Amino acid sequence: TEPEPLKIMISGAPASGKGTQCELIKKKYGLVHIAAGDLLRAEIGSGTENGKRAKEYMEKGMLVPSEIVVMMVKERLLQPDAQEKGWLLDGYPRSLSQATALEDLRIRPDLFILLDVSEAILIERVVGRRLDPVTGKIYHLKYFPPENEEIAARLTQRFDDTEEKVKLRLETHHQNVEDVLSTYKDVICKVNGDAPIEDVFAEIDKALSSILEKKSRTDSAS
Ligand code: AP5
């Protein structure tokens, strides 16, 4: 029998590399990537009332109220694909009330990855970040430039990716992170996110394969 699928949370300051690592994790482990920020941006893109309200908070670098975020993430998490393939929750939970809502549903991760990146690096990563609207791929002008001119010409920037706004986002992160960490202290894996993309992934990869190995051992023993 197949071992139970992986359930992973990834957290870290703005631009610490969550989305970048999630792409790599998804490719290797086939988990369903659920990013709270992406769900919110999709909502903004569809022009819904919730999207409009969410954008007001995102522009200030503040957390979007839980009544908007909690339902949205919960619904996605309970879809059959996430239950069958396992999930990778990115940027969620970000507050004690969000963590508690998951605990109440008995939704717990096997591992809580915390990307640890120094502040000076974060600002540079935010300011240089670019997105490909066609493929959804995340680039960086200096650290991960686009492969060709055609892609370079169509790259966009996120509305909250300015130096001023990232400082507000960082403040919000500092205000909430300890509460979330306290909920998951038994499963936290702190990773040095200052390192190059492939080195960060190597560390995460090691942690994930060791969990999978443990899971298959327990499953075959039972
Ligand atoms: P969200 O979209 O989650 O933004 P964030 O947390 O600020 O994180 P980012 O997406 O900016 O960065 P990342 O860590 O994914 O980094 P990336 O891989 O792109 O949230 C946005 C807003 O939505 C919030 O402010 C809030 O208002 C709201 N929101 C979201 N979740 C919420 C929740 N749960 N509750 C309430 N509100 C919520 O990398 C960044 C750049 O660095 C890229 O250019 C990349 O190429 C480069 N890079 C990555 N890794 C490396 C490396 N190792 N070396 C060099 N460059 C690298």
Side-chain angles (χ1 to χ4, degrees), residues 1-39 63 66 69-70 72-79 81-118 122 172-195 197-222:
T1 50
E2 287 282 302
E4 222 199 285
L6 283 173
K7 295 170 286 180
I8 306 297
M9 289 177 181
I10 185 160
S11 134
S16 53
K18 300 183 290 296
T20 300
Q21 294 302 321
C22 284
E23 277 307 306
L24 299 170
I25 297 169
K26 190 169 78 177
K27 213 187 282 167
K28 172 144 187 195
Y29 291 90
L31 306 180
V32 174
H33 176 207
I34 304 172
D38 289 348
L39 293 176
L63 291 185
S66 282
V69 188
V70 171
M72 219 169 62
V73 173
K74 194 173 101 183
E75 267 172 26
R76 185 62 194 90
L77 201 53
L78 296 175
Q79 302 273 313
D81 62 339
Q83 296 303 308
E84 281 156 24
K85 296 177 189 159
W87 44 259
L88 174 60
L89 206 44
D90 167 3
Y92 194 93
R94 264 182 157 114
S95 65
L96 191 57
S97 78
Q98 291 175 9
T100 310
L102 291 181
E103 293 283 291
D104 289 346
L105 293 165
R106 300 186 188 289
I107 297 176
R108 289 218 111 220
D110 299 308
L111 191 72
F112 184 101
I113 300 167
L114 177 67
L115 291 179
D116 191 24
V117 176
S118 52
L122 292 174
T172 303
H173 170 75
H174 288 313
Q175 279 161 7
N176 293 288
V177 65
E178 291 305 327
D179 282 346
V180 176
L181 293 182
S182 69
T183 307
Y184 301 108
K185 50 178 178 296
D186 53 333
V187 285
I188 290 177
C189 168
K190 194 165 161 182
V191 172
N192 171 19
D194 284 353
I197 295 174
E198 47 292 359
D199 296 5
V200 178
F201 181 65
E203 211 176 314
I204 293 175
D205 191 18
K206 207 165 67 188
L208 295 188
S209 39
S210 118
I211 291 176
L212 268 185
E213 200 183 301
K214 259 187 233 146
K215 270 183 186 279
S216 61
R217 255 187 277 136
T218 359
D219 286 9
S220 55
S222 62

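A quick note: this is a predicted structure, and the numbers were derived from the prediction, not measured.
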With sequence neighbours excluded, residues passing side-chain hydrogen bond (donor to acceptor under 3.5 Å, both in side chains) with [X]:
X    : answer
H33  : D90
S209 : none
D110 : K215
E213 : R217

Please report the interatomic distance [atom1]([X]) to [atom2]([Y]), rounded to the nearest 0.5 Å.
X    : Y    : atom1 : atom2 : answer
L6   : L212 : CG    : CG    : 4.0 Å
F112 : I8   : CZ    : CD1   : 11.5 Å
L96  : T183 : CG    : OG1   : 5.5 Å
I10  : S16  : CD1   : OG    : 7.5 Å
L115 : I204 : CG    : CD1   : 5.5 Å

How close do [X] and [Y] get, counting heavy atoms only, and between which atoms?
X    : Y    : value
T172 : N176 : O-ND2, 2.8 Å
L63  : S95  : CD1-CB, 4.1 Å
M9   : P93  : SD-CD, 3.6 Å
G91  : A36  : O-CB, 3.6 Å
A13  : L122 : CB-CD1, 3.5 Å
L77  : A82  : O-CB, 3.5 Å

Any side-chain heavy atom of Q98 sitting closer than 4.5 Å to one from S66? yes
Hey, could you give me each pair passing salt bridge (charged side-chain N to carboxylate O under 4.0 Å, His left out) that has a residue in residues 29-38? Not counting sequence neighbours.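 Found D38-R41.
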State which residues pass side chain to side chain contact (heavy atoms under 4.5 Å, CB included) with A101; sequence neighbours excluded, sorted by chain then number. V70
Please list every donor-acceptor pair under 3.5 Å in which a side-chain atom of residues 184-193 meets a protein atom from a residue at least two apart or in another chain.
unit_1	atom_1	unit_2	atom_2	d
K185	NZ	S182	O	3.3
D186	OD2	R108	NH1	3.3
N192	OD1	D194	N	3.0

Using salt bridge (charged side-chain N to carboxylate O under 4.0 Å, His left out) as the criterion, list what pairs up with [X], not counting sequence neighbours.
X   : result
D81 : R76
R94 : none
K7  : E4

Could you pull out every donor-acceptor pair under 3.5 Å between side chains of residues 19-26 and any protein atom, sequence neighbours left out?
unit_1	atom_1	unit_2	atom_2	d
Q21	OE1	F201	N	3.3
Q21	NE2	I197	O	3.2

Can you pull out every side chain to side chain donor-acceptor pair (under 3.5 Å) where at least one residue sits in residues 198-208? Sequence neighbours excluded, please.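 Listed once each, the pairs are K28-D205, Y29-D205.
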